[in-house]
There are 2 protein chains.
Amino acid sequence: MKRNSRLSSILHILVHMAEKPEQALTSEQLATFIHTNPVVVRRTIAGLRDAGIVTSSRGHGGGWLLGRAPEGISLAEISAALGETLLPFSTEPESPGCLVEQAVIAVLDDFRVAAEKLLAEKLSRITLADLTADFRRRYDLIGVSSHAV
Amino acid sequence: MKRNSRLSSILHILVHMAEKPEQALTSEQLATFIHTNPVVVRRTIAGLRDAGIVTSSRGHGGGWLLGRAPEGISLAEISAALGETLLPFSTEPESPGCLVEQAVIAVLDDFRVAAEKLLAEKLSRITLADLTADFRRRYDLIGVSSHAV
DNA sequence: TTTCATGTAACCTAATTAGTTACAATATCA
DNA sequence: TGATATTGTAACTAATTAGGTTACATGAAA
């Protein structure tokens, strides 16, 4: 798994899970989808489990399942559960007492709040179901075209 | 200068420059504002020079000046000149041929394009002049309150 | 009771980025 | 013209981060 590709990797995994709704997939299987290893997968989706987006079970036949229907899982929730900020610029004061810095930080933080709200709204309108639908379109298209050839 | 604080650090520098419009400030002076060293400053604002946001001159009495009036310098330009993306999630394919991944990347890229447009619009409406105005408000406020005490 | 799976801590490694050193190029001033 | 001040930039070092790996405890099913 490359750097900064956590969101897309996890979505990749979730769509595969959505395509096999009744079959628990192991960390091992999920890891192969995104070319990494099981421990990284478990570590990464631990937050999704805490958010109820997925469930896990141990032991023989165990593994991972979606916590609810894909229609009820938005990208906003997933992104939040990964604990990543979409706007990763820092506004930590480094010169306490400098009014110039305070002004910069104030403006930047205002921007951040407004921007995060906008992005969260956009992301909340995209669900896992939208991704699976897009996948199926592609799948059907390939099916048709390879049939045609 | 901490990680991920390039944008706020550079804004910090630019506001200081805007407050001394006729005086060329050296990399050394700029570096002290953001607690780093001159080479890091030169390296970091090289992009701003290329974009015409600042100008530099060598030799005795040389240093850095704003390339134009603060009213004409937007945060969108500054951010772009720094070469940073506001939405740093990767959508590089890691499993070429996987339709699930392709669907994920397509949706994510659509989101990114729309989001970047929104953010750029918001940032283009904030100028360096807004930051200096905010700074001066703070400055006057402190002046008044310390006078009152 | 054996096997299969997650949970998690601890450590290793690779990648990134800031910091540093060194020096060439250039401009000013005495 | 020579001394000094300044940017430009390459090359290297150090610190930080995040992914990868190993090890093992916990728990569930056959």
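A quick note: this is a predicted structure, and the numbers were derived from the prediction, not measured. Atom set for the values below is all heavy atoms of this structure, side chains included, hydrogens, waters and symmetry mates excluded. Here is the naming used below: chain letters follow the sequence lines, and residue numbers restart at 1 for every chain.
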Report each atom pair, protein N/O against N/O of nucleotides 14-16 of chain C, whose distance is under 3.5 angstrom.
from, atom 1, to, atom 2, distance (Å)
C:dT16, O2, B:R3, NH2, 2.7

Whole angstroms only, please: what is the CG-C1' distance between A:N37 and C:dT13? 13 Å
Please name all residues satisfying side chain to side chain donor-acceptor pair (under 3.5 Å) with B:E94, sequence neighbours left out, ordered by chain then number. A:S5
Reading nucleotides 1-9 of chain D from the 5' end, what letters show protein touch, with B for base, S for backbone sugar-phosphate only, - for no heavy atom under 4.0 Å? ----BBBBB
What's the shortest heavy-atom distance between B:T36 and B:V40, and which atoms? OG1-CB, 3.5 Å
C:dA18, OP1 or OP2 - any side-chain N/O from B:T36 closer than 4.0 Å? no
Whole Å only: how far is the CD atom of A:Q29 from the P atom of C:dA5? 8 Å
Before you tell me yes or no, could you show the steps for A:L30 and A:M17 under side chain to side chain contact (heavy atoms under 4.5 Å, CB included), namely the whole-Å CA-CA distance, both residues' side-chain angles and the distance that decides it to 0.1 Å? CA-CA 9 Å; A:L30 298 180; A:M17 288 170 66; 4.0 Å; yes
Using the rule that Ile, Leu, Val, Met, Phe, Trp and Tyr join whenever any side-chain heavy atoms are under 4.5 Å apart, tell me whether A:L86 and A:L118 fall into a single cluster. no
Taking ring-ring contact (aromatic ring centres under 6.0 Å, His included) as the cut-off, I'd like each qualifying pair that reaches into residues 14-47 of chain A, sequence neighbours left out, listed once. A:H12-A:H16, A:H16-A:F33
The criterion is side chain to side chain donor-acceptor pair (under 3.5 Å); which residues satisfy it with A:R138, sequence neighbours excluded? A:D134
Between B:S79 and B:A76, is there a donor-acceptor pair closer than 3.5 Å when you use the side chain of the first and the backbone of the second? no
With sequence neighbours excluded, what pairs up with B:E19 under the side chain to side chain donor-acceptor pair (under 3.5 Å) test? B:R136
Touch check for A:T44, heavy atoms < 4.0 angstrom, all strands: base, sugar-phosphate only, or nothing? nothing
So for the helix from C:dT1-D:dA30 to C:dA30-D:dT1, with five pairs setting each end axis, what is the inter-axis angle to 10°? 0°
Integer-rounded Å distance: D:dT17 C1' and A:M1 CE: 13 Å
Just grab all the salt bridge (charged side-chain N to carboxylate O under 4.0 Å, His left out) pairs involving residues 59-70 of chain B, residues at least two apart or on different chains. B:R68-B:E77
Hey, could you give me each pair passing salt bridge (charged side-chain N to carboxylate O under 4.0 Å, His left out) that has a residue in residues 100-112 of chain A? Not counting sequence neighbours. A:D109-A:R112
Within residues 77-91 of chain B: residues closer than 4.0 Å to DNA chain D (heavy atoms): none
Nearest atoms (heavy-atom pairs only) where B:I10 meets B:T44: CD1-CG2, 3.4 Å
Send over the distance from A:L65 CG to C:dT6 P, rounded to a whole Å. 11 Å
Between P on D:dG19 and CD1 on A:I45, what's the gap in Å once rounded to a whole number? 14 Å
Set of residues satisfying salt bridge (Lys or Arg N to Asp or Glu O under 4.0 Å) with respect to B:E28, sequence neighbours excluded: none
Qualifying residues under side chain to side chain donor-acceptor pair (under 3.5 Å), relative to A:H60, sequence neighbours excluded: none
B:K2 NZ to C:dA18 C1', straight-line distance once rounded to whole Å: 14 Å
